[in-house]
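What follows is a set of notes on a single structure, which appears directly below.
No hydrogens, no waters, no symmetry mates; every other heavy atom, side chains included, goes into these values. In listed order, ligands and their atoms are each counted from 1.
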Amino acid sequence: MTDTVTLSLAALQRLLEEILLRHGCSADVAACIAHNYAIAEQDGAKSHGVFRLPAIVSTLKSGWLDGKAVPSVDDVSPGLVRVDARNGFTQPALAAGRALLLEKAKTCGIAAIAIRNSHHFGALWPDVEPFARDGLIALSVVNSMATVVPHGGTKPVYGTNPIAFATPREADDPLVFDQASSALANGDVQIAAREGHALPAGAGLDRYGNPTTDPQAVLDGGALLPFGGHKGSSIALMVEILCAGLTGGQFSFEVDWSEHEGALTPKTGQTIIVLDPERGASAPFRSRVEQLLTKLRAAGQERLPGDRRYANRRRAQLNGISLTRDEHEMLLAL
Ligand SMILES: NC(=O)C1=CN([C@@H]2O[C@H](COP(=O)(O)OP(=O)(O)OC[C@H]3O[C@@H](n4cnc5c(N)ncnc54)[C@H](OP(=O)(O)O)[C@@H]3O)[C@@H](O)[C@H]2O)C=CC1
Ligand SMILES: O=C(O)C1=NCCCC1
């Protein structure tokens, strides 16, 4: 018996959809979330692919997250869409406001969507890459639950607060980066604990505020550090302000699921700003992007953000998505 099971994207998506339907999601929500986690797995986002399904199921069972929520979309101004996810996942809330956001960005050249009362438990690039495929630049931020200390502090206040950016290119796939503002994503700490790997130095603190490379010590009441000291800390601060202050959602430190045993997803907010480069740029935008990327390659940067992910995607499109037998059995059990 082999140690892996290979599935097509469609087959993985169907399996995830069935799990979500069985645990109380509506058909629309199940399809949207299954797509999101299947493409994350396909592109090699191990920390935000099928790995997340047990925690999603446990959260749905706890009653903390509403898998049937119907988002409400509010056309606030020529440049702003607000969406109340009504305690559902973020991705269906984004899908509900997306057409209006695109229309505004095309009309004004710039527009934003501010989503609140929303649970984002996945990777951010699936949110921004499609905007770049529609010819727009997109910048997105999400906050989560307090697991990251501010620079110089010992108590967690921030989430791992990722930021993602996508821009169209001349002929290639969009250029996309998507990164936590902490030294590591919490998902990678969980994977390190499960697999018995040490964390890199400078990523975590134990419950007493001492530096540690033990992932379990970080998970048992410890915390993560921002990447790059005060610089990552300020990015996490900005993410909180854009995701909670602006949207009306909660700061990471306000997330309180204590009355919902088994809850693991953060109810916070997400903001995405999109720009139409055809309206704003002073020179042909896409060729200017290519000039910069050519210069980076010439300067010795062999790998651009997104290269690994696109390579995984191409491999999976040819050969299917490979899950370990344990991962596949975990999904079947759910
Ligand atoms: N929902 C939430 O609240 C949270 C979600 N996350 C998600 O976790 C995922 C992982 O985050 P994180 O661990 O910080 O990401 P990584 O550090 O793995 O990667 C960050 C970015 O840098 C790129 N990159 C990595 N290595 C190189 C390199 N050597 N040269 C050039 N570019 C490089 C990656 O491209 P590539 O993709 O091609 O490897 C990616 O765009 C993200 O998808 C994020 O959205 C994280 C925190 C919270
Ligand atoms: O990996 C992380 O860090 C997180 N991912 C999903 C949401 C919570 C934080």
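Under a 4.0 angstrom heavy-atom cut-off, G122 registers as being in contact with ligand 1. By the 4.0 Å heavy-atom criterion, G306 is counted among the residues contacting ligand 1. Taking 4.0 Å as the cut-off, Q190 does not count as a neighbour of ligand 2 on heavy-atom distance.
Atom 29 (N) of ligand 1 has its closest protein heavy atom at R303 NH1, 3.7 Å. Protein heavy atom nearest atom 48 (C) of ligand 1, with residue, atom name and distance: T160 OG1, 3.1 Å. For atom 4 (C) of ligand 1, the closest non-hydrogen atom of the protein is P162 CG, 3.5 Å. Residue, atom and distance of the protein heavy atom nearest to atom 8 (O) of ligand 1 are H48 CE1, 3.0 Å. Ranking the protein heavy atoms by distance from atom 15 (O) of ligand 1 puts D178 O, 3.8 Å first. Protein heavy atom nearest atom 13 (O) of ligand 1, with residue, atom name and distance: D188 OD2, 3.6 Å. At the top of the distance list for atom 22 (O) of ligand 1, counting protein heavy atoms only, stands Q179 OE1, 4.3 Å. For atom 10 (C) of ligand 1, the nearest non-hydrogen atom of the protein is S47 OG, 4.3 Å. The shortest contact between atom 1 (O) of ligand 2 and any protein heavy atom is with G187 N, 2.9 Å.
When side chains are defined from C-beta on, T268 counts as touching V255, because their heavy atoms get closer than 4.5 Å. Side-chain contact between Y37 and I56 is present, with heavy atoms from C-beta onward closer than 4.5 Å.
In the vicinity of H48, heavy-atom distances shorter than 4.0 Å reach the ligand 2 atoms 1 (O), 2 (C), 4 (C), 5 (N), 6 (C). Those atoms of ligand 2 that come under 4.0 Å of a heavy atom in M145, given as number and element, are 8 (C). Distances below 4.0 Å separate heavy atoms of S144 from the following atoms of ligand 2: 8 (C), 9 (C). With ligand atoms numbered from 1 in the order given, ligand 2 contributes 1 (O), 2 (C), 3 (O) to contacts under 4.0 Å with heavy atoms of N186. Residue T160 approaches ligand 2 through these ligand atoms, each under 4.0 Å from one of its heavy atoms: 2 (C), 3 (O), 4 (C), 9 (C). Close approach of ligand 1 to D307 is summarised as follows: ligand atoms under 4.0 Å from at least one heavy atom of the residue are 38 (O). The contact set between ligand 1 and R309, taken as ligand atoms under 4.0 Å from a residue heavy atom, comprises 37 (O), 38 (O). Of all the atoms in ligand 1, the ones that sit under 4.0 Å from a non-hydrogen atom of F177 are 41 (O).
Here A180 has heavy atoms under 4.0 Å from ligand 1 in both its backbone and its side chain. Heavy atoms of L184 found under 4.0 angstrom from ligand 1: none, in either backbone or side chain.
Here the options are R297, R314, R313, the test is salt bridge (charged side-chain N to carboxylate O under 4.0 Å, His left out), and the partner is D307; only R297 passes. Residue H328 forms a side-chain contact (heavy atoms from CB on, under 4.5 Å) with just one option from T4, V5, L12, T6, and that option is V5.
Here the closest non-hydrogen pair linking V157 and P150 is CG2-CD, 4.0 Å. The minimum heavy-atom distance linking Q270 with S118 is given by the pair N-OG, 4.2 Å.
In the model, R288 has a side-chain atom that pairs as donor or acceptor with a side-chain atom of Q291 under 3.5 Å. No side-chain donor-acceptor contact under 3.5 Å links S233 and H151. A donor-acceptor contact closer than 3.5 angstrom links the side chains of D256 and S258. Looking at N312 and R315, their side chains do bring a donor and an acceptor atom within 3.5 Å of each other.
Rounding to the nearest 0.5 angstrom, the gap separating the CG atom in N186 from the CG atom in L219 is 6.0 Å. Considering CG of L275 and CG of L139, their distance stands at 8.5 Å, rounded to 0.5 Å. Atom CG of residue L331 and atom CD of residue E41 lie 8.5 Å apart, to the nearest 0.5 angstrom.
Both the sub-6.0 Å distance and the 45° axial angle are satisfied by R98 relative to the ring of F131.
The shortest N or O to N or O distance between L124 and ligand 1 is below 3.5 Å. Distances between N or O atoms of N143 and those of ligand 1 include no value under 3.5 Å. Taking any N or O of H120, backbone or side chain, none lies under 3.5 Å from an N or O belonging to ligand 2. Annotation: F121 places no N or O atom under 3.5 Å from an N or O atom of ligand 2; distance criterion only.
At least one protein heavy atom sits closer than 4.0 Å to atom 38 (O) of ligand 1. Protein heavy atoms all stay at least 4.0 Å away from atom 18 (O) of ligand 1.
At a threshold of 4.0 Å, the pair E18-R14 does not count as salt-bridged, since none of the basic side-chain nitrogens sits closer than that to a carboxylate oxygen.
Relative orientation of the W64 and H260 rings is tilted, given thresholds of 30° and 60° on the angle between their planes.
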Verify side-chain hydrogen bond (donor to acceptor under 3.5 Å, both in side chains) between H120 and N143, making sure each step is shown before the conclusion.
-> CA-CA 8 Å; H120 202 305; N143 65 329; over 6 Å; no
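Evaluated by nearest non-hydrogen atom to atom 3 (O) of ligand 1, the leading choice among S181, A123, S144, S252 is S144.
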